[in-house]
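Inspection log for the structure reproduced underneath, given as structure tokens.
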Amino acid sequence: MKKRILLLSLVVTFFSCNKSEEEIVFEQGKPIPVVEQFGFKYNDFNVLNDTIQTGDTFGSILNQQNIGDQEVYNIVEKVKDSFDVRIMRIGKPFTIFRSKDRYKKLQAFVYQPDRGSYFVIDFRDSLHVYKKIRPIVIKRKTIAGSLDGSLSEAIEKEGVDASLASKITKIYAWSIDFFKLKKGDKFGITFTERFIEDTIYDGVEDLEAAFFEYKGKKIYAFPFEQNQGSGKIDYFDDEGKALKNFFLKAPLKYVNITSRFAKSRFHPVQMIWKAHKGTDYAAPTGTPIMTTASGVVEQTGFTAGNGNFVKVKHDRTYSTQYLHMSKILVRRGQRVNQGDVIGKVGSTGLATGPHVCYRFWKNGVQVDALRLKLPNSEPMDKRNLPRFLSLMKPLKRELDSVAQLKDKK
């Protein structure tokens, strides 16, 4: 039988508590706060909090509360239409409420599949089960700051969940090379956050506006639904130009450029001067390689020079190729979407270390991807521009004003 932890303290820090002067009880002259959660006053019960562990089942948990197998079967049959006991997963929390007398009779079982909801099986009087959804409160926030390290660190410094950094990098993936951001570069972000029951933080909800300083210029991002009611959101700058380009800036998330496209360079393996018709990105072996645009896998294979490689045809004009992979994860003829992982970084072929050589074709000619001006996808419809500008301008003013206040501190 697994050892369970009985909560002797009635102070619950994770959940919000409701108390008033009339509800405060005293024990040995000391006040004990009344804790209420799931519709139960903890003070009225013997409470056990735990999580589902390997090997646990609904039956085994109830068995430990002196509920026999036949009775467990009857309970499961009665509640199966409202609560399927098979949905319980390892690591998810549950709470057992028992009587405070010496019999510790089971009064209720609460299972939390996620932080936003819970199931209650109430054994008092007549057995019944129900599901409750915790109310979600959305709070709006604007922050501004400057980089002194990674974007995640800068955002955390402002007291915000670092997951916001991931959302930002995805939105700006087509317009900012985050490897080239510098210390001191400024940013501003307006966004909303979710709070369960107004107090439990549940992450970032939506991004309303942002700007980043990049190469001395502010690049703004504003979400906008061109076709109202479609649910499709694209991001545009303050002039209504789409941020999303046809190609990602790089095939890796976090990389170092070690060699650029060149008409002539000294090859470190062949020891001769020759053209380098690609961009080398160094990264540890096994790092995921992404296709920079959607398309169809045109070739996969191995050559002595390229090692394991994948070539993707995007349309009649553009193709890309990814060399020196340790592992190929796609097959010829397969359709891939922008950002899909198509292989892993390696050092196969003529390579002195793990990296991916990224090659780019335009109209059948290899070109420098870093110098190419790539097309935007779904440009702003001119008819939508007035509506966009009316929504964008107050958001921009708010961002700029918060950033100015931050600079004055």
Side-chain angles (χ1 to χ4, degrees), residues 147 149-154 162-163 165-182 185 212 214-215 243-262 265 268-269 276-295 297-302 305-314 318-330 334 336-362 366-372 374 377:
L147 296 180
S150 70
L151 177 59
S152 296
E153 290 170 339
S163 65
S166 177
K167 290 180 179 288
I168 290 291
T169 53
K170 287 180 180 178
I171 290 167
Y172 280 104
W174 298 269
S175 53
I176 291 180
D177 188 342
F178 279 86
F179 317 126
K180 294 181 180 178
L181 288 176
K182 298 177 181 178
D185 282 348
F212 265 88
Y214 182 61
K215 296 183 178 180
L243 288 183
K244 186 174 182 179
N245 285 318
F246 190 48
F247 289 88
L248 294 173
K249 286 283 186 180
L252 305 179
K253 286 187 176 180
Y254 304 103
V255 295
N256 292 314
I257 297 177
T258 54
S259 183
R260 295 176 178 270
F261 190 97
R265 71 155 188 175
V269 177
H276 183 240
K277 296 184 178 181
T279 304
D280 289 347
Y281 294 91
T285 299
T287 300
I289 299 171
M290 303 178 295
T291 177
T292 54
S294 300
V297 177
E298 188 176 25
Q299 293 179 351
T300 65
F302 177 89
N306 295 341
N308 294 321
F309 73 92
V310 171
K311 188 173 183 181
V312 179
K313 186 175 181 63
H314 304 290
Y318 299 106
S319 297
T320 56
Q321 190 177 22
Y322 312 80
L323 313 181
H324 310 302
M325 293 178 170
S326 61
K327 191 173 185 180
I328 296 171
L329 299 177
V330 291
Q334 180 178 337
V336 290
N337 295 317
Q338 186 179 65
D340 283 353
V341 176
I342 57 175
K344 299 293 183 69
V345 168
S347 51
T348 56
L350 296 178
T352 57
H355 73 285
V356 57
C357 179
Y358 175 55
R359 298 192 173 187
F360 200 104
W361 276 263
K362 181 179 180 181
Q366 291 191 60
V367 295
D368 186 352
L370 297 179
R371 293 182 177 273
L372 197 64
L374 300 171
S377 61

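Being a predicted model, the structure only gives us computed values, none of them experimental.
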Query raised in the report: Hey, do the aromatic rings of Tyr358 and Tyr322 have their centres closer than 6.0 Å?
Result: yes
**Report entry** Approximate separation, where rounding is to 0.5 Å, of Thr291 OG1 and His314 NE2
**Finding:** 4.5 Å
Query raised in the report: Where the side chain of Ser294 meets the backbone of Gln338, is there a donor-acceptor pair that is under 3.5 Å apart?
Result: yes
Query raised in the report: Side chain of Ser347, backbone of Thr352: donor and acceptor closer than 3.5 Å?
Result: no
**Report entry** Where Ala283 and Val345 come nearest, the two heavy atoms and their spacing
**Finding:** O-CG1, 3.4 Å
**Report entry** Side-chain (His355) to main-chain (Tyr281) donor-acceptor, under 3.5 angstrom
**Finding:** no
Report task. Taking the side chain as every heavy atom from C-beta outward, state whether Ile289 and Leu252 have any atom pair closer than 4.5 Å. Result -> yes
Report summary line: Closest non-hydrogen atoms of Pro284 and Pro354, given as atom of the first, atom of the second and distance, are C-CB, 4.3 Å
Requested in this report: Evaluate the side-chain proximity of Tyr172 to Leu151: yes if any heavy-atom separation is below 4.5 Å, no if none is.
Outcome: no
Report task. Would you mind reporting whether Gln334 and Thr300 have side-chain heavy atoms less than 4.5 Å apart? Result -> no
Query - For Ile328 against Val330, the heavy-atom pair lying closest together - result: CG2-O, 3.4 Å
Report summary line: d(Leu370 CG, Thr279 OG1) to nearest 0.5 Å is 4.0 Å
Query raised in the report: Phe247 versus Thr320: any side-chain heavy-atom pair under 4.5 Å?
Result: yes
Report task. Would you give the length of the straight line joining atom CZ of Phe212 to atom CD1 of Ile171, rounded to the nearest 0.5 angstrom? Result -> 10.0 Å
**Report entry** Shortest non-hydrogen separation from Ser319 to Glu298 and the atoms involved
**Finding:** OG-OE1, 4.1 Å
Query raised in the report: How are the rings of Tyr318 and Phe360 set relative to one another: parallel (under 30°), tilted (30 to 60°) or perpendicular (over 60°)?
Result: perpendicular
Requested in this report: Can you see which heavy atom on Ser326 is nearest to which on Gly286, and at what distance?
Outcome: OG-N, 4.2 Å
Report summary line: Residues Thr348 and His324: closest non-hydrogen pair is O-ND1, 2.8 Å
Query raised in the report: Can you tell if the side chain of Lys311 reaches within under 4.5 Å of the side chain of Trp361, non-hydrogen atoms only?
Result: yes
Query - Ser166 side-chain N/O to Ser163 backbone N/O, donor-acceptor pair under 3.5 Å - result: no
Query raised in the report: Considering only heavy atoms from C-beta outward, does the side chain of Lys327 approach that of Asn308 to under 4.5 Å?
Result: no
